Amino acid sequence: MSATAKKRSPMPDDIRAAKGGTPLVSLTAYTTPMAQMMDPHCDFVLVGDSVGMVLHGLPSTLGVTMEMMILHGRAVARGLRSAMMVIDMPFGSYEESRKQAFRNAARLMAETGAGAVKLEGGVAMADTIAFLVARGIPVMAHIGLTPQSINTLGGYKVQGRGDARDATLADADAVAQAGAFAVVLEKVPQTLADEITARIPIPTIGIGASAGCDGQILVVDDMLGLFTAFKAKFVKRYAHLGDHAEAAIAAYAADVRARDFPAAEHVFADKAPAK
């Protein structure tokens, strides 16, 4: 094979087969340039409904629409060559019925080129997951803290502590048995995340869970320090681009007001320079 041949993007079965191996790497993406930067480094990229908060200024993910997901999904797809793209099903697009879920999941995949969809919920969504998988829609599940249920969960709280432990275990079992190829564990205690990882046959993708999960995901704007409205405990900032961007904007504004920008090298003469 040529050294320059295109690397095949992983398929859901490849992600499933990574169980117990080298940890899977994932980030969220919403734009083509960001997708291009993370493509060589990620196994899969998630077009997350977190886009509503980090790019659109919404107070939660509940206001995200199918049209928003499709718009950003298409943008991300243009930037990917080797990573698989997974796309979130937004709030209200799958909970009503299995048929509604299939119709919207099929639309997301057809109009964006995503390799799989992700939806939130455990036991309550197991039948829907099975329905989708049986009809050719690969599903990544999401349990623990499920942001679309924030109003019923009472806030962004750790899930699975105390008496809630058994319910979280049941959710993990249910989505695995329903045919999900992987499951995101968000904001669950470390020991519970480790137990789930050892217990179920599909990869666990941690976000505020445990280093023992089969993979990790973060919201890229959190990790890069671009989203600064708040910082969750589980976020590690690998850069502080928001601070640098704000400083650069302030410097630009100062240059404009002092007439230091544009300078001679940034403007054009009446005549083109001789060749």
Side-chain angles (χ1 to χ4, degrees), residues 7-19 23-30 35 38-39 42-51 61 64 66 68-91 93-95 98 100-122 125-143 146-148 172 174-186 200-207 213-220:
K7 175 186 173 184
R8 179 179 73 85
S9 298
M11 302 289 284
D13 280 350
D14 297 317
I15 300 299
R16 182 194 295 269
K19 175 75 178 180
L24 294 158
V25 177
S26 181
L27 288 166
T28 64
Y30 321 109
M38 64 182 67
D39 184 52
C42 290
D43 298 291
F44 70 91
V45 168
L46 174 68
V47 186
D49 60 359
S50 48
V51 67
T61 62
V64 174
M66 284 284 292
M68 289 166 67
M69 295 307 302
I70 289 168
L71 175 69
H72 290 283
R74 287 172 172 170
V76 170
R78 295 183 196 110
L80 297 182
R81 295 292 179 270
S82 59
M84 183 177 79
M85 186 171 88
V86 181
I87 191 165
D88 266 338
M89 298 194 70
F91 177 69
S93 70
Y94 60 94
E95 298 92 338
R98 296 178 299 176
Q100 180 209 30
F102 176 80
R103 182 170 62 252
N104 286 321
R107 181 185 173 197
L108 284 174
M109 292 184 68
E111 296 191 27
T112 68
V117 300
K118 181 173 75 65
L119 58 81
E120 297 181 5
M125 296 309 302
D127 286 346
T128 296
I129 293 171
F131 188 87
L132 295 180
V133 171
R135 286 156 181 79
I137 305 287
V139 177
M140 178 176 289
H142 183 157
I143 65 171
T146 47
Q148 293 176 8
V175 299
Q177 292 166 11
F181 68 90
V183 57
V184 172
L185 304 182
E186 181 167 357
I200 63 175
I202 60 174
T204 55
I205 311 298
I207 177 167
C213 289
D214 297 297
Q216 300 293 328
I217 187 169
L218 283 176
V219 172
V220 69

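For clarity, every value in this text was computed on a predicted model and none was experimentally measured. In what follows, residues are counted from 1 in the order of the sequence shown.
The distance from atom NZ of Lys118 to atom CG of Leu46, rounded to the nearest 0.5 Å, is 5.5 Å. Atoms CG and CD, from Leu27 and Gln216 in turn, are 11.0 Å apart once rounded to the nearest 0.5 Å. In this structure, CD1 on Ile205 lies 8.5 Å from CG on Leu185, to the nearest 0.5 angstrom. Expressed to the nearest 0.5 Å, how far OG1 of Thr128 lies from CD1 of Ile137 amounts to 12.5 Å. Residue Met140 holds its CE atom at 11.5 Å from CD1 of Ile129, rounded to the nearest 0.5 Å. Taking CZ from Arg16 and CG from Leu24, the interatomic distance works out to 12.5 Å, rounded to the nearest 0.5 Å.
Put simply, the side chain of His142 does not reach to within 4.5 Å of the side chain of Gln148, judged on heavy atoms. For the pair Glu186/Pro147, a side-chain contact is recorded, criterion being any heavy-atom separation below 4.5 Å from C-beta on. No side-chain heavy atom of Ser9 sits under 4.5 Å from any side-chain heavy atom of Leu80. Counting heavy atoms from C-beta on, the side chains of Val47 and Thr112 never come closer than 4.5 Å.
In this structure a side-chain-to-backbone donor-acceptor pair under 3.5 Å is present from Ser82 to Asp39. When atom types are taken as modelled, the side chain of Asp49 and the backbone of Asp88 share no donor-acceptor pair closer than 3.5 angstrom. A donor-acceptor pair is defined here as one N or O able to donate and one able to accept, closer than 3.5 Å; no such pair exists between the side chain of Thr204 and the backbone of Val183. Between the His72 side chain and the Tyr30 main chain, a donor and an acceptor come within less than 3.5 Å of each other. Side-chain atoms of Lys19 do not come within 3.5 Å of backbone N or O of Pro203 as any donor-acceptor pair.
Partners of Asp127 by side chain to side chain donor-acceptor pair (under 3.5 Å), not counting sequence neighbours: none found.
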*For Met38 and Val25, run side-chain contact (heavy atoms from CB on, under 4.5 Å): C-alpha distance rounded to whole Å, both residues' side-chain angles, the deciding distance at 0.1 Å, then the answer.*
CA-CA 10 Å; Met38 64 182 67; Val25 177; over 6 Å; no
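Put simply, the residue from Val139, Leu119, Asn104, Leu132 that forms a side-chain contact (heavy atoms from CB on, under 4.5 Å) with Tyr94 is Leu119.
Nearest heavy atom pair, residue Ala116 against residue Pro12, reads CB-CG, 4.5 Å. For the pair Met85 and Gly113, the tightest heavy-atom approach, listed with the atom from each and the gap, is CE-C, 4.2 Å. Across all non-hydrogen atoms, the minimal contact from Glu120 to Met125 is O-CG, 3.3 Å. Taking both residues in full, the closest heavy atoms of Thr28 and Ser50 are given as CG2-OG, 4.1 Å, listed atom of the first, atom of the second, then distance. Taking both residues in full, the closest heavy atoms of Ile87 and Ala114 are given as CG2-CB, 3.7 Å, listed atom of the first, atom of the second, then distance. The two atoms that bring Asp43 and Pro23 nearest to each other are OD2-O, 4.2 Å, heavy atoms only.
Cation-pi geometry between Arg98 and Phe102 is not met at under 6.0 angstrom from the ring centre and within 45 degrees of the axis.
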